Asks: 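After the structure tokens below, expect a handful of questions from me.
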Amino acid sequence: MPETKTTALVLAAGKGTRMRSPKAKVLQTLLNEPMLFYVYEALAPIVRDNVLTVVGHDADNVAKAFPAMADRFVMQAEQLGTGHALQVAWEAVEKSGATHCLVINGDTPLVTVEALDRLMAAQGCCDLAFMTITPRDTGAFGRVVRDTERRIKAIVEAKDYDFSLHGPVTGEVNAGIYLLKVATLGPLLEKLENANKSGEYYITDLVGLAVEQGLSVDGVQAGNDISLMGINSPRELIAAEGTLRTRIVDELIDSGVLIHNPGTVIIGPRVVVEPGAEIFGHCELYGASKVAAGARLGSYNHITDATFAPGCVVREFNHIEGAEVGEGVTVGPYSRLRPGARLEKNARIGNFVEMKKAVLGEGAKASHLTYLGDAEVGAGANIGAGTITCNYDGKNKFLTRIGAGAFIGSNTALVAPVSVGDNALIGAGSTITKDVPDNQTGIARGKQVNLNRSLKRN
Ligand code: UD1
Ligand code: CA
């Protein structure tokens with residue numbers, strides 16, 4: 001077989017009018033990842049980074065969301081249709097040296113590598129191949145027209161379908177994923193016209209044109225594979241998100257993750273959960289979170305970009321983002337761990353404790369009602385209820401250091417920058433503005449006076 005090279009082309013310039021949102025459709029999220037993320041993920045094993053993307057509407061934000069792809073973005077300033085998007089990108093496709101171009105609508109996030117592989121198998125035999133589906137509701141999908149011998153004749157958009165001209169519908173529709181042979185399809189691009197109900201240039205007209213030219217065309221049938229459904233409306237997006245959610249949760253359960261009440265657990269596609277971890281619903285885990293074997297996440301936790309080491313226990317009702325939870329650590333209930341919170345081995349965080357850019361050393365504890373921001377807490381230290389690191393003077397942030405084995409009495413304000421030495425003790429209710437050396441007691445509060453109580457009333 002002669003050598004082939006495939007460049008993928010993602011069509012992502014449209015506004016997505018039917019979503020009724022100012023945001024570009026491909027940036028709408030499913031499980032907290034933009035729609036386009038999923039399309040790129042499915043393409044990567046097939047074409048690696050050989051991916052061009054046609055952008056237009058909200059292009060700057062699309063570039064911001066995918067900086068690594070943005071140098072291969074092609075701008076379609078005016079969105080005159082999917083065929084026009086292809087015309088605009090064609091020069092870049094040819095320049096990429098590709099023999100084939102795998103075109104995919106950017107609003108198809110459920111697509112799988114397996115489905116794309118099936119289309120790629122047509123590479124050797126066709127000038128143009130595209131995926132077809134036979135969904136229960138053919139909605140606004142482009143209708144596939146075949147002749148009496150079941151050979152492809154054309155794709156006719158739903159709006160433009162004319163029974164007297166095209167015959168009875170078959171239920172087979174276009175999934176919006178095409179494999180084009182660059183050398184033979186290129187010359188047809190200029191033949192596209194916009195004399196249709198939408199006044200747009202349709203990529204789908206290439207099919208009829210190719211058939212007319214005697215090129216080989218095939219429709220690769222994927223049955224009612226819902227993974228190929230495009231997303232056009234909010235309802236379709238939510239339904240697709242549900243499908244993805246179940247797909248991920250089921251895979252994890254099969255791999256050995258115990259997910260209790262799985263219908264209420266949401267796990268994003270980049271989250272890694274090792275077999276042997278245990279998760280209780282309701283729970284949401286997003287971003288690049290990692291849960292090690294033997295970690296246990298209780299109910300009602302909202303987690304983004306956080307890591308959990310073996311043997312840690314996250315109790316119920318916590319909000320955790322960008323935090324590192326170490327081995328044997330206990331968290332919650334009702335805590336908030338913000339980016340840069342690091343809890344070392346066997347540390348404990350209790351209810352109504354907030355941490356931000358702060359390290360809680362091995363075995364250290366902050367059990368109740370505390371704010372630790374821009375702080376380093378040494379091993380074995382005990383942070384009393386109501387301790388606050390006053391890290392911000394309205395302009396800048398400052399660091400608080402608390403030594404190993406220190407004991408901070410309840411209701412202490414630590415005015416940063418400040419440090420409390422190893423094994424130092426702070427009297428309850430203190431406002432600490434000066435460093436406290438190792439092994440010393442710091443106390444800074446108003447002296448108590450007891451006065452006679454006058455019980456006389458006027
Ligand atoms: C398209 C197909 C239809 C198919 C369906 C499958 C056409 C004309 N119709 O319809 O046959 O059944 O997908 O889901 O292609 N886009 C651009 N530039 C444009 C217009 C669109 O980049 O000028 C992008 C959109 O951002 C979108 C994709 O192309 O990601 C498809 O466009 P959309 O308007 O959603 O096409 P459909 O009406 O769904
Ligand atoms: Ca669509």
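Numbering of ligands and ligand atoms starts at 1, following listing order. Source: prediction; values computed, not measured.
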Asks: Give me the protein N, O or S atoms that fall under 3.0 Å of the Ca ion (ligand 2), sorted by chain and residue number.
Replies: D107 OD2, N232 OD1

Asks: Kindly print each ligand 1 N/O atom paired with any protein N/O atom under 3.5 angstrom away, one pair per line, or none if nothing qualifies.
Replies:
from: ligand 1; atom 1: 9 (N); to: E157; atom 2: OE1; distance (Å): 3.1
from: ligand 1; atom 1: 9 (N); to: E157; atom 2: OE2; distance (Å): 3.1
from: ligand 1; atom 1: 11 (O); to: G142; atom 2: N; distance (Å): 3.3
from: ligand 1; atom 1: 11 (O); to: E157; atom 2: OE1; distance (Å): 3.4
from: ligand 1; atom 1: 11 (O); to: E157; atom 2: OE2; distance (Å): 2.7
from: ligand 1; atom 1: 11 (O); to: N174; atom 2: ND2; distance (Å): 2.9
from: ligand 1; atom 1: 12 (O); to: G142; atom 2: N; distance (Å): 2.8
from: ligand 1; atom 1: 12 (O); to: N174; atom 2: O; distance (Å): 2.6
from: ligand 1; atom 1: 13 (O); to: N105; atom 2: ND2; distance (Å): 2.9
from: ligand 1; atom 1: 15 (O); to: T82; atom 2: OG1; distance (Å): 2.7
from: ligand 1; atom 1: 18 (N); to: Q76; atom 2: OE1; distance (Å): 2.7
from: ligand 1; atom 1: 22 (O); to: A13; atom 2: N; distance (Å): 2.9
from: ligand 1; atom 1: 23 (O); to: Q76; atom 2: OE1; distance (Å): 3.4
from: ligand 1; atom 1: 23 (O); to: Q76; atom 2: NE2; distance (Å): 3.1
from: ligand 1; atom 1: 23 (O); to: L80; atom 2: N; distance (Å): 3.4
from: ligand 1; atom 1: 23 (O); to: G81; atom 2: N; distance (Å): 2.8
from: ligand 1; atom 1: 23 (O); to: G81; atom 2: O; distance (Å): 3.1
from: ligand 1; atom 1: 26 (O); to: G14; atom 2: N; distance (Å): 2.9
from: ligand 1; atom 1: 30 (O); to: L11; atom 2: O; distance (Å): 2.8
from: ligand 1; atom 1: 30 (O); to: G106; atom 2: N; distance (Å): 3.3
from: ligand 1; atom 1: 35 (O); to: D107; atom 2: OD2; distance (Å): 3.1
from: ligand 1; atom 1: 35 (O); to: N232; atom 2: OD1; distance (Å): 3.4
from: ligand 1; atom 1: 38 (O); to: R18; atom 2: NH2; distance (Å): 3.3

Asks: With a 4.5 Å cut-off on side-chain heavy atoms, are V217 and F130 touching?
Replies: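 Heavy-atom side-chain distance check passes, below 4.5 Å.
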
Asks: Counting neighbours of CD on E94 that are heavy atoms of other residues, nucleotides or ligands and sit closer than 6.0 Å, is the number greater than 12?
Replies: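 Above 12, so yes.
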
Asks: Does R18 pair with E236 as a salt bridge, N-O distance under 4.0 Å?
Replies: no

Asks: How about K365: does its NZ atom have over 12 heavy atoms from other parts shown lying under 6.0 Å from it?
Replies: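 Counting neighbours around NZ of K365, 12 or fewer heavy atoms of other residues, nucleotides or ligands fall under 6.0 Å, so no.
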
Asks: Assess whether a salt bridge exists between D374 and K397, defined as any Lys/Arg side-chain N lying under 4.0 Å from an Asp/Glu carboxylate O.
Replies: no

Asks: Checking side-chain contact (heavy atoms from CB on, under 4.5 Å) against E376, which of K357, R401, R342 comes through?
Replies: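 Single pass found, and it is R401.
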
Asks: Using the side-chain contact (heavy atoms from CB on, under 4.5 Å) rule, pick out the option among E324, M355, E321, E354 that qualifies with L337.
Replies: M355

Asks: Are a donor atom and an acceptor atom from the side chains of Q28 and S21 found within less than 3.5 Å of each other?
Replies: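 Side chains of Q28 and S21: pair found under 3.5 Å.
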
Asks: Check whether T370 reaches the backbone of H368 with its side chain - one donor and one acceptor, N or O, closer than 3.5 Å.
Replies: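 Flag set: sc T370 to bb H368 pair under 3.5 Å.
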
